[in-house]
There are 4 protein chains.
Amino acid sequence: MRKLSLSLVLVFTVLFSATGFAAEPVKTLPGDITLAQAQTILAAALKKAEEIKIPMNIAIVDAGGNLKAFYRQEDAFIGSIDISIKKAVTARYFNMPTRALAAASQVGQPLYGIEVSNDGLIIFAGGVPLVDKNNVIIGAIGVSGGSIDEDESVAMAGAAVIK
Amino acid sequence: MRKLSLSLVLVFTVLFSATGFAAEPVKTLPGDITLAQAQTILAAALKKAEEIKIPMNIAIVDAGGNLKAFYRQEDAFIGSIDISIKKAVTARYFNMPTRALAAASQVGQPLYGIEVSNDGLIIFAGGVPLVDKNNVIIGAIGVSGGSIDEDESVAMAGAAVIK
Amino acid sequence: MRKLSLSLVLVFTVLFSATGFAAEPVKTLPGDITLAQAQTILAAALKKAEEIKIPMNIAIVDAGGNLKAFYRQEDAFIGSIDISIKKAVTARYFNMPTRALAAASQVGQPLYGIEVSNDGLIIFAGGVPLVDKNNVIIGAIGVSGGSIDEDESVAMAGAAVIK
Amino acid sequence: MRKLSLSLVLVFTVLFSATGFAAEPVKTLPGDITLAQAQTILAAALKKAEEIKIPMNIAIVDAGGNLKAFYRQEDAFIGSIDISIKKAVTARYFNMPTRALAAASQVGQPLYGIEVSNDGLIIFAGGVPLVDKNNVIIGAIGVSGGSIDEDESVAMAGAAVIK
C-alpha cells in the first residue's frame, strides 16, 4: 500500500512559517463554545427530551454558525436532522430565537420569503442562541422532533446550563 | 480497450479479510424492504392508477429514505418524477402521510416554511409510509401525476398490499 | 404569543389510528445503531485523537446513511465538518473504508470521477463502516482533521469498540 | 377534512381549451420508451445481475433523459443509486456508452473536467444508450454495483432485449 503521509497540519505549519509567523497562530476565537460545553448542553437537552418523552434531533453550532455537535435519539424523525441543524444556524445567523422569525415571515409581513435564503432557514420555534455567563453569544442550539413548543422547551433546557 | 477489472466488491472482500473479519458482514438491516416487496407494491399502485385513468409517477424508498424502485407511466408529468420521490422521502422522514404536513405548514401555522428543509420536502398528499405485517415502517411510497387525492389513493393502494 | 400546540407526533398518532392501526408502528429497523453506541464510539475516537494530539471532526451515520452523532474538537478545521460527514456517508454508501475508493478513483483508474456523484463523495481515507458484534453493518464513522492516516486511525479506534 | 379537489389534469385541460386546442395534445413523443419496454429491459438486466451474483442498481431514462424506471436489488450499494441514474443520463446526454467518455476525460485529454457539468456526469462504464428495432435512441440504461465491466455487462444485457 502506498505510503500516505501528507499531513494537512504539516502543510499548514509550513505555509505559515514561510509567511513569517513566529509561532502557530491561535485558530479559534477565545471564548467560542468548547466541545465540553456542547456536551453539557446536549446532556441537559437529552434529559428534557426524555422527561417529555419525545425523541429529538439536537444540533449545536459555534459562534461562526458552524456545526459543533449533534445527537439523534432513537425514533427521532430523519427529516429533523436537517431541521435541527438549520434551526441552530438560523438562531445564530440572526441572534434570536427562530420563533421570533415566524411572525415576521408570514405572508404580507416584512420578511416574507426569507426562508429561501442561506440554503434554507427554519422560521419556526426550536432554535435559540447560546449565551454564556459573560453574556456573549457563543453559538446556538436547534431541536426538532416534536411540536415546536416541545422542541423549544428542549432547546431552552440545553441553553440554560451555560448561563 | 483498456482492461478494467478492478472490482469494488473484490476490494471490499480483500479489505475486510485483511482486517480480520471471518465472513463478509451483513450489508442490509434485516427487515428492510425487498425489491420483491417493492415490485408488488408498484404493481398494486399501477393497477389503481389504471383504474382511475391517471398516468402516474410512483416512487418507493427504503427504511433509510433511499430510493428502492420507481416507475413512470406513459404521459405522466415529467415534473412529477421529483415530486413523487420527494413525497416518498418526506413520508419516511416524518413517519406520516405527507397530507399530515399540509395543514401544519400553511401560512400562520406552526410548521410554515418547513418545505425548504431537506433539499425540498413535499407537503401535500400523495406520500405514505409503508408498514409491514409486523407493524414496522420499512419505507414509503410517493405518487404524483393527478390531483392530490388521486395521488394518495394510488399510494394507499400500493401500501395496502404489504400490511 | 400565539398558542402553537399542534404536535407532529399527535398528528401521526391520530392519522394512524384513523387508518386502523392497533398500535403505533415501529419507526426504526431493529438493529440499527443507537445513540448510546454512537456515544461510545465517539468517546473512543476522541480518546485516540487526544493521544495523537490532532483536533478532529468525528461524524457517525446510521445504516441508512443518515447523521446520528457528531463532535468537533477545539481547533479542528471548520472545512472538515463536511468532509467528516461525507466520509461517513461514503463508507456506508459503498460498505467499505473510503481508503478503498482512493486507488480506484485515481487518474486512469476505473472509477475516476466518482467523487462528483451523490452530491460529493470523499475518496480518501478516514471513513470506515461500523460493524457490530453480529457482523452487521450498522452505519459508518468519518473523521477529518489530520493526515488521512491519522484520520483513519481515529475512525478505526472508534469502530473497534462495537465489534 | 378539507375537500381537496383541484386536479392538475383539470387545470391542464382548461388551460389548453382556453388557448383554442380542439383536443388534448399528445403529451409524449411517439416512439419514446414505454413503461412496458422499461420493465422488459429491467427484467433482462436483473437476470444478468443474478447470473453474475452482483447486486445492482439499475436505472432507465427516456429519450428526454428523464427517469423512467429504477430498481435496487438487496445489498446493492446505496451510493450506486445516484451513480446508476447518472450513468443512464450521461449515456443519453451524449448518445454513447459512458465508457467512451472515460478516455477523453482523463488528465490532459480534450474533455478533462467534463464530469462536473450537468450536476455531475459519470465518466466510466455502465451506461449505454437504448436503441430500438427502428434504430432510434429511445433512452439509456445505467447500472452500478460491481466492477465497471460487470456493470456494463448488465446494462448491455438490458439494452439487448429491445434491439
Side-chain angles (χ1 to χ4, degrees), chain B residues 2-16 18-33 61-66 92-97 99-101 103-105 108-111 114 119 128-132 134-139 156 159-160 163, chain C residues 2-16 18-33 61-66 92-97 99-101 103-105 108-111 114 119 128-132 134-139 156 159-160 163:
Chain B
R2 286 178 301 138
K3 185 76 184 77
L4 300 167
S5 61
L6 181 65
S7 163
L8 274 176
V9 174
L10 181 65
V11 169
F12 169 82
T13 308
V14 170
L15 280 168
F16 272 95
T19 53
F21 279 95
E24 198 172 287
V26 175
K27 296 167 188 165
T28 307
L29 283 186
D32 205 347
I33 192 169
V61 298
D62 67 12
N66 300 304
R92 173 49 178 160
Y93 274 19
F94 297 97
N95 292 325
M96 66 183 72
R99 180 185 291 276
L101 284 170
S105 308
Q109 294 304 310
L111 304 185
I114 194 175
D119 292 325
V128 302
L130 293 169
V131 184
D132 73 5
N134 302 316
N135 206 31
V136 177
I137 301 179
I138 60 170
M156 290 175 75
K163 272 179 196 166
Chain C
R2 286 178 302 137
K3 185 74 185 78
L4 300 167
S5 61
L6 183 64
S7 163
L8 275 177
V9 173
L10 180 64
V11 169
F12 169 82
T13 308
V14 170
L15 281 167
F16 272 94
T19 53
F21 281 95
E24 198 172 284
V26 175
K27 296 167 189 165
T28 307
L29 284 186
D32 205 347
I33 192 169
V61 298
D62 67 12
N66 301 303
R92 172 50 178 160
Y93 274 19
F94 297 97
N95 293 325
M96 65 182 72
R99 180 185 292 274
L101 284 170
S105 309
Q109 294 304 310
L111 304 185
I114 194 175
D119 292 325
V128 301
L130 293 169
V131 184
D132 73 6
N134 302 316
N135 205 31
V136 176
I137 301 179
I138 60 170
M156 290 176 75
K163 271 177 196 165

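All chains are named by letter (A, B, ...) in the order of the sequence lines, taking the proteins before the strands, and each is independently numbered beginning at 1.
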>> Could you work out, with side chain to side chain donor-acceptor pair (under 3.5 Å) as the rule, every residue matching B:T28, not counting sequence neighbours?
In response: D:D75

>> Show the nearest heavy-atom pair for residues C:N135 and B:E24, with the distance to one decimal.
In response: ND2-O, 3.4 Å

> What part of B:D32 gets closer than 4.5 Å to chain C, counting heavy atoms only: side chain, backbone, both or neither?
Replying inline: both

> Counting heavy-atom pairs under 4.5 Å to chain B, which of C:N66, C:V26, C:D62 comes out on top?
Replying inline: C:V26

> Which heavy atom of C:P25 sits nearest a heavy atom of B:V131, and at what distance?
Replying inline: CB-CG1, 3.9 Å

>> Ignoring hydrogens, what is the shortest heavy-atom contact between C:V136 and B:L29? Give both atom names and the distance.
In response: CG1-CD2, 3.8 Å

